[in-house]
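Quick notes on the structure that follows.
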Amino acid sequence: MDMSTLLIYGLSLAAIYGLMAIGISLLWSSIGMINMAHGASFAVAGYAAFSVAELAKPLILATLGKSLAGTVAMAGLCLSAGALTGAMMGALIYLLAFLPIHDKPNFAVRSLIVTLAINLATVQLLLWFFGPKQRNLPKIFGLGKVEFLGLSARYDQIGTILGTAVILGLLLFWLKVSRKGLEIRAMMQNPEGAVLSGISVRWTALPVTMLTGALAGLAAVLLSQSIFVSPTSGAMPLIKGLTISLLGGLGSVPGAVFGAVIIGFLEAVIGAVPWLGQRYVLFGTFLFIIAVLVIRPRGIGGLLDKARK
Amino acid sequence: MTDTRIPGKTYYEIGQRPQEITLKVDGAKPLHRHRLPFTRRHLLKWRSRLNPKTLRQERMLADKNPLWWTLALGLLLVSAPFLSNSALTVAAVFCMFSAINVLWTLIIGTAGIFSLATLAVVGVGAYASAALNVYLGLPWPLMFVAGGVAGLVMGALLALPSTRLDGLYYALLTMGVAEICRVFVQQLKPLTPMNGSINNVQGFIPADWALQRLGLLLGFAGAFVLLLLALLTFRVVNSERLGMLLQTAREEEAYAEAIGIDYRRARMQVFLISSAGLGVTGAFYAQYFGSISPQVFSLDQLMVLFAMIVIGGLGRAEGAVIGTALVVLIDKGLLDLGPLRILLVAAIMLAVTLTTNNGLTGIREQFRGFRRRRQSEARARRTEKGGEVMPEEAIDINDKQAIYYRRFDKRLRDRLKALVTPDVIEEHRQKPLGQHSDALSRLLNYFRRGEVADKYAIIRQAGNFHSYKIVAFSGVRGAPPRLVDDRIYTDINEAYHAVFLLRVNDLMES
């Protein structure tokens, strides 16, 4: 693998991991919940996009044919199905893991356990309904390669990178300008202070959980362009997202982006080095993250005194 | 004492523990208590007290946990020979997982280190001892030593970052360690030729007994002994010196440090002790199954174990054992349910975490807190009504005279309240001193008899002749009276009447 392919591959990995990591990081810093069901949202959204694509395929083929419009319609359908299902999963997580216990003792540990239970149950239910067989999503960016400036990249890689950049940009813009975004940022800075100035925890938590769920859903549709959808396909993105949000410092969006880029490239490089190979990818990234955390216990972007209690 | 109950009449037992079994104390016999050899500990915690109702000395068991433990473990041991082969395996697996969870509880609960590398330590102990046994022919009794040493080394490695990282960061880091171990073991081709697993481990079960009835019984016996040892370790570490030090540190770290408790060191010691124990458990694991595979490092296995201690209740040995029993029964006992098992476990996890504060063993404490809150609410409501002592409050008051006085006082106040009329107040306003009507003199007599605390007095302002303020006594010798309000009365009769109005107001509000 030459440098240019490595660069594109690393960036596309970073994009997907970044989507997952920002979701986890945002949820932790605003409402103090570690969402272990993020992987379940991922898997469910993948299956939802798959089912919708299966249902709509004949219709789109009949009306639009194999034209560019057909691909675009399919892409929009898949992405919106993924995002919507992810948001629904987020709302479910909100109803089960946040609403009943957010003012009770041990909320952090208890919500972690509840989301873990949701994850377990969801994976089993998916196995039940869809079976262990891996499914293939339609290629929403089409098949093919493009060459520019000496770099060659597949359509889906470019689509993933650009799509993620657009989504993240929109998300950050929304957080910056909207009233709800202001409330969420206030919760991130100081939950107690936010409550004292009249921000409702419950009505801030709902959009945050739905938003992070939608991010997981989008990540699922985007990642499924290069790998398959399966009931357990959420586990790896969940672990990656968690570790990257730790590496970047929980609660820091720029830290999460930076961490995702580092880990994406690290994975691409480790996978490409002949005497290491794909099987050492996880090993290498974990060693790297442990080393970073031992040196900088709150991650890259985290500040020591600003950690959430 | 003769029974003075009237036959046929229904009596209700009152008090908090009417059914408590107590022993009679024989005053003629000297108190003789058995101690455990070489220690100052007693087997059971007997406490003597004077029963305030019967006015007799009695002896009661202050801590009944040892009885429940003996009962449960004894039942398991006695019923084991009658179990079927598969049930015997389930029981042995339960004992083994319980041992792991009890030691894990020591790390999470006692030391307060949220480590998820438990199975990694178990796995390292298992792999080290199995490899030594298979490749170097280490005899099985020494495997436990090898496992323990491997666990200790692994624990020491894991303990290093735990002082720098806290809580969640450390938990996720240790999750990564398990993954690293898995990959490492799978890549170690010369040691683990069979896709990462080591087979044909010789153990305490003779090879020709394997999967026979005798072998299963022996395996269960070994697992049971392992569980007992784990529980002993928990008891010795958690309730003796190390545990006490850490309990102080858990409540207030800065305070513990200030009085000279090196809680970091104590944490490390607990972590290392339980890591060594986990290593020994790992050696047992490898011997019991005769093989060890990378499955032990998998995330799913870890999550199932975590579910066990969470369902039971974090930080308590009985929680670890009860949770393990429940999950192992569902997971291994109801095999015909298929994938429904995991759903069932997840549903139990959800229900337990949503409804209880700290697992199944925390239910008792949670219910007591709930009941205490309701009781105090009800007591507050009754006190508002008049301050009479109610039966369950009465058993807490040793001076029975106080109970009767409060009852008398309450009735008196009820009568006096009826006497307060605009006519009486007008009468007092016109003539604070002198001869009064019957109603007014009854009121004034009651007021004069009141306790000194919060009794009103009139204080003359220094320098001014006709200038008074109203104060209330503190009731404490040396503590000055407090000023009731800033109003200055220029007429002493007006001040008398103001005090009267204040007292009437207090009476009507009580």
Side-chain angles (χ1 to χ4, degrees), chain A residues 28 32 34 36 96-97 99-101 104-106 108-125 127-128 232 235-236 238-239 242-243 245-247 249-250 277 279-299 302 307-309, chain B residues 108 114 157-158 160-184 186-187 298-300 302-304 306-307 309-311 313-315 338-359 362 366 369:
Chain A
W28 165 256
I34 285 289
M36 297 296 271
L96 276 178
L99 204 52
I101 52 174
K104 302 267 170 65
N106 301 341
V109 178
R110 282 166 81 181
S111 65
L112 187 140
I113 294 157
V114 172
T115 48
L116 207 63
I118 295 175
N119 196 27
L120 266 178
T122 315
V123 170
Q124 287 303 316
L125 285 176
L127 264 175
W128 206 339
T232 50
M236 214 16 86
L238 169 71
I239 293 180
L242 265 176
T243 47
S245 54
L246 281 182
L247 177 71
L250 276 172
R279 58 174 52 145
Y280 278 107
V281 162
L282 214 52
F283 188 81
T285 46
F286 270 129
L287 271 188
F288 175 75
I289 289 169
I290 289 175
V292 170
L293 283 185
V294 168
I295 296 165
R296 236 189 116 76
R298 298 249 181 229
R308 194 184 168 106
K309 283 267 188 269
Chain B
I108 292 188
F114 215 86
L157 281 179
L158 282 171
L160 285 179
S162 80
T163 48
R164 272 185 73 78
L165 299 176
D166 59 3
L168 206 71
Y169 283 86
Y170 186 71
L172 292 162
L173 184 141
T174 46
M175 226 160 82
V177 169
E179 184 60 33
I180 290 176
C181 286
R182 195 176 64 87
V183 176
F184 190 69
Q186 274 178 339
Q187 300 311 317
S298 78
L299 196 63
D300 294 345
L302 181 73
M303 288 301 138
V304 170
F306 190 59
I309 60 169
V310 160
I311 289 174
L314 278 178
L340 209 59
R341 296 186 334 255
I342 305 291
L343 279 181
L344 202 57
V345 171
I348 291 176
M349 253 170 107
L350 262 181
V352 167
T353 20
L354 286 184
T355 51
T356 67
N357 288 345
N358 190 16
Q366 199 179 347

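FYI, side chains are in, hydrogens and waters are out, and symmetry mates aren't considered; it's all heavy atoms of this structure. Order of the sequence lines sets the chain letters (A, B, ...), proteins ahead of strands, with each chain counted from 1.
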Task: Choice from A/Leu242, A/Ile118, A/Leu293 maximising heavy atom contacts with chain B below 4.5 Å - done: A/Leu293

Task: Residue selection (most heavy-atom pairs with chain B, distance under 4.5 Å) from A/Thr285, A/Ile113, A/Ile239 - done: A/Ile113

For the residue pair [X] and [Y], establish whether any side-chain heavy-atom pair is separated by less than 4.5 Å.
X: A/Leu116; Y: B/Met349; value: yes
X: A/Val123; Y: B/Ile342; value: no
X: B/Leu340; Y: A/Trp128; value: yes

Task: Minimum heavy-atom distance between A/Arg110 and B/Asn357, given as atom pair plus value - done: NH1-OD1, 3.1 Å

Task: For A/Ala117 against B/Leu350, the heavy-atom pair lying closest together - done: CB-CG, 3.9 Å

Task: Contact origin within B/Phe306 toward chain A - heavy atom pairs under 4.5 Å - done: side chain

- [ ] Measure B/Leu314 against the heavy atoms of chain A and call it side chain, backbone, both or neither at under 4.5 Å.
- [x] side chain

Is it the backbone or the side chain of [X] that comes under 4.5 Å from a heavy atom of chain B, or both, or neither?
X: A/Ile295; answer: backbone
X: A/Val109; answer: side chain
X: A/Ile289; answer: neither
X: A/Leu287; answer: both

TODO: Would you give the length of the straight line joining atom CD1 of A/Ile101 to atom CG of B/Leu354, rounded to the nearest 0.5 angstrom?
DONE: 5.5 Å

Task: Best-contacting candidate, B/Leu299, B/Thr356, B/Val177, B/Thr355, against chain A by heavy atom pairs under 4.5 angstrom - done: B/Thr356

